[in-house]
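For reference, the structure discussed in these notes is given below.
Throughout, a chain's letter reflects where its sequence line sits, starting with A, and its residues are numbered from 1.
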Amino acid sequence: MKLRIAPSPTGYLHIGNARTALFNWLYARANNGKFLVRIDDTDTARSSEEYMLDIVENFKWLGIDWDEGIEVGGPHGEYKQSLRFDRYREVAESLLSSNLAYEDEGAIRFKVPSENQIKFEDITRGAMKFELDDVEDFIILRSDKSPTYHLASTVDDIDYEITTIARGEDILSSTPKHILIMQALNADIPSFCHLPLLFGPDGKKLSKRHGDTSVNLFREQGLLPDALFNYMCLLGWAPGDDLEIFSKEIAISKFNLDDVLPNPAIFDTTKLLWMNGQYIRNISYDKFNKLAAEKITIEIKRDLFDKERERIDKILPCVQERLETLNDITPQIYFLLDEPFEVNKEDWDSVNSEDGQEYLFAIRNKIKDLENFSLENIEKLMRDELKTQDIKPKVGFQITRVSITGTKISPPLFESIYSLGKDGTLARLAETIQKL
RNA sequence: GGCCCCGUCGUCCAGAGGCCUAGGACGCUGGGUUUUCAACCCAGAAACGCCGGUUCGAAUCCGGUCGGGGCUGCCA
């Protein structure tokens with residue numbers, strides 16, 4: 001069994017293409033088959049090297065690997081259609097000379113036999129039947145002698161011995177043309193599977209007009225590849241037993257193209273974000289720490305100082321619990337960086353009170369005298385002072401939070417203070433008190 | 001218009017004649033926990049497009065209808 005994905009490098013890797021690649025990959029892996037990646041760049045005007053690199057790079061990022069094709073090589077050259085135009089011309093010429101095609105204004109058209117029909121079995125859709133009367137003679141070689149998609153794709157599928165073609169449903173109506181070419185070339189007809197399309201929230205084929213739907217974007221937004229992978233699996237398929245969060249291994253062990261739903265799915269990022277949060281919470285501390293450092297560095301556009309790293313290390317476990325994407329990290333740890341510190345005016349006003357101010361003075365003096373600046377001692381000190389003054393936690397803690405972190409929304413208070421360190425905390429408190 | 005595909009909660013999925021007074025998840029609403037935001041826990045609202053037929057019995061099979069979508073390029 002051999003499957004393939006054949007992206008056209010006319011744009012960054014699109015989420016729809018990624019999903020198609022994923023299902024092909026899963027099916028190949030589930031059946032001990034081969035998976036091949038080739039580049040369908042017959043549209044030379046719109047294709048670019050940059051897009052090709054992006055597509056390949058993002059397949060890898062998602063954890064999709066391949067046994068044959070672009071970059072990894074194989075018995076059929078470089079797996080780029082733009083390098084095989086001679087081969088396609090040769091096939092077009094042979095079709096021409098055997099009278100199965102004809103010239104039309106410099107182009108070559110395939111002659112579709114009339115009064116006949118093409119039947120095939122689609123893996124997810126069952127029996128398909130097309131009347132050839134409805135299929136026009138179609139161009140296989142353009143007047144500039146470049147091949148069209150129908151020709152190039154079909155010739156490659158034959159030459160590379162693809163046994164199962166699983167692609168988007170948008171090509172379902174073109175399949176009779178491809179079968180026609182295969183028959184004309186006396187090739188074996190592979191199995192076909194037309195996967196349901198991914199729709200945007202408006203119920204239309206997912207495309208540019210729905211905004212950026214590239215895999216890149218999700219990557220930049222701080223999605224984990226495993227989370228995206230898992231989520232895409234769920235678009236048109238499920239492993240059963242109401243299992244929703246699962247590993248690639250599980251997916252491979254359960255996957256079957258037969259089970260893929262024939263109806264389109266709307267790509268909605270809400271659940272994806274939730275799932276990403278689940279994945280973030282499940283990765284190891286070390287891995288999270290590494291990812292977080294990378295993200296922060298990118299966002300503040302400089303390396304972290306050792307002191308900053310120490311502080312961030314302390315708070316990260318708390319941060320890991322309250323994230324949706326990796327991009328949510330920096331705002332939460334920003335108060336620990338050696339960057340200009342600012343208190344949000346609105347937040348300050350909403351937590352400011354006379355009791356609060358008194359509390360601030362008191363804990364500042366107590367912290368100054370605190371010898372062992374441990375998490376436990378900080379908590380004890382702050383709770384004791386609450387009792388001394390007989391005020392509610394909210395009154396004392398919230399004003400402290402804003403003084404220390406600059407905002408009402410932050411990681412847990414004691415951990416934040418502990419991470420900031422004694423000197424840092426005293427400095428922040430002093431700064432606030434001075435402004436009173 | 002023609003050809004083709006599709007139709008279960010707002011969304012994703014379960015359901016392959018009786019286990020369905022339709023299940024799970026996200027989201028939503030309410031509650032709990034709580035020093036903020038999250039996370040977490042509990043509860044709730046929420047769907048078989050419609051009409052016929054087959055059958056003792058249909059979300060499941062058939063027909064029609066309506067609705068949505070795709071293709072209809074010398075794009076893929």
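At a threshold of 4.0 angstrom between heavy atoms, the contacts of A/Ser143 include nucleobase atoms, whether or not backbone atoms are also involved. Note on A/Gln278: only backbone sugar-phosphate atoms sit closer than 4.0 angstrom, heavy atoms only; bases stay farther off. Note on A/Arg46: a base of the nucleic acid sits closer than 4.0 angstrom, heavy atoms only. Heavy atoms of A/Glu131 sit nowhere under 4.0 angstrom from any nucleic acid atom. Counting non-hydrogen atoms under 4.0 angstrom, A/Ser153 reaches nothing in the nucleic acid. Using a 4.0 Å heavy-atom criterion, one finds that A/Phe199 contacts the sugar-phosphate atoms exclusively. Base contact: A/His150 has a heavy atom under 4.0 Å from a base atom. Contacts of A/Lys204 with the nucleic acid, taken as non-hydrogen atoms under 4.0 Å apart, involve only primed sugar atoms and P, OP1 or OP2. The residue A/Leu273 sits apart from the nucleic acid: no heavy atom pair falls under 4.0 Å. In this structure, A/Gly236 reaches the sugar-phosphate backbone alone: every heavy-atom distance under 4.0 Å involves primed, P, OP1 or OP2 atoms, never a base. Residue contacts shown for A/Leu261 are limited to sugar-phosphate atoms, with no base heavy atom under 4.0 Å away. A/Leu235 comes within 4.0 angstrom of the backbone, heavy atoms only, and of no base.
Across the strands present, B/A16 finds no partner; the criterion is a Watson-Crick or G-U wobble pair with both atom distances under 3.5 angstrom. Figure legend. B/U34 is base-paired to no nucleotide; pairs are counted as Watson-Crick or G-U wobble with both atom distances under 3.5 Å. Pairing partner, B/G57: none, since no Watson-Crick or wobble contact has both distances short of 3.5 Å.
The C1' atoms of B/U33 and B/G15 are separated by 36 Å, rounded to the nearest whole Å. Across the P atoms, B/U60 and B/C48 are found 12 Å apart, a figure rounded to whole Å. The separation of B/G24 from B/A46, taken at their P atoms, amounts to 14 Å, rounded to a whole angstrom. Look at the C1' atom in both B/U8 and B/A22: the space between them is 8 Å, to the nearest Å.
Checking A/Arg364, A/Lys380, A/Lys366 one by one against A/Glu385, the salt bridge (charged side-chain N to carboxylate O under 4.0 Å, His left out) holds for a single residue, A/Lys366.
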Next item on the list: Could you give me the CA-CA distance, side-chain angles and deciding distance for A/Tyr12 and A/Tyr51, then say whether ring pair (Phe, Tyr, Trp, His ring centres under 6.0 Å) is met?
Entry: CA-CA 5 Å; A/Tyr12 299 110; A/Tyr51 292 142; 4.9 Å; yes

Item checked: Full working for side-chain contact (heavy atoms from CB on, under 4.5 Å) between A/Leu381 and A/Ile367 -> CA-CA 8 Å; A/Leu381 179 158; A/Ile367 288 174; 4.0 Å; yes

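Looking only at distances, no side-chain donor or acceptor of A/Asn344 sits under 3.5 Å from a matching main-chain atom of A/Thr407. A donor-acceptor contact shorter than 3.5 Å links the side chain of A/Asn230 to the backbone of A/Glu244.
With a 6.0 Å radius and a threshold of 12 heavy atoms from other residues, nucleotides or ligands, A/Glu136 has its CD atom at or below the threshold.
In this entry the distance linking CG of A/Leu198 with C1' of B/C6 reads 14 Å, nearest Å. For the pair A/Ile266 CD1 and B/C6 P, the interatomic distance rounds to 17 Å; values are reported in whole Å. One atom, CD of A/Glu169, and another, P of B/C3, lie 17 Å apart when rounded to the nearest Å. The distance between atom CD1 of A/Ile171 and atom C1' of B/G73, rounded to the nearest whole Å, is 14 Å. The distance from atom CG of A/Asn344 to atom C1' of B/C37 is 14 Å, rounded to the nearest whole Å. For the pair A/Leu243 CG and B/G15 C1', the computed distance is 17 Å after rounding to whole Å.
You'll find the ring centres of A/Phe23 and A/Trp237 outside the 6.0 Å limit. In summary, the aromatic rings of A/Tyr279 and A/Phe288 are positioned with their centroids too far apart to meet the 6.0 Å limit.
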Between the protein and nucleotides 34-36 of chain B, list the N/O to N/O atom pairs that are separated by less than 3.5 angstrom.
unit_1, atom_1, unit_2, atom_2, d
B/U35, O2', A/Gln398, OE1, 3.3
B/U35, O2, A/Arg401, NH2, 2.1
B/U36, O4', A/Gln398, OE1, 3.2
B/U36, O4', A/Gln398, NE2, 3.2
B/U36, O2', A/Lys408, O, 3.0
B/U36, N1, A/Arg401, NH2, 3.3
B/U36, O2, A/Lys408, O, 3.3
B/U36, O2, A/Ser410, N, 3.0
B/U36, O2, A/Ser410, O, 3.0
B/U36, N3, A/Arg401, NH1, 3.2
B/U36, N3, A/Ser410, O, 2.8
B/U36, O4, A/Pro412, N, 3.4

Would you list the protein and nucleotides 41-46 of chain B atom pairs, both N or O, that sit under 3.5 Å from each other?
none

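Applying the 3.5 Å distance criterion, the base of B/C3 shares no donor-acceptor pair with the side chain of A/Ser173.
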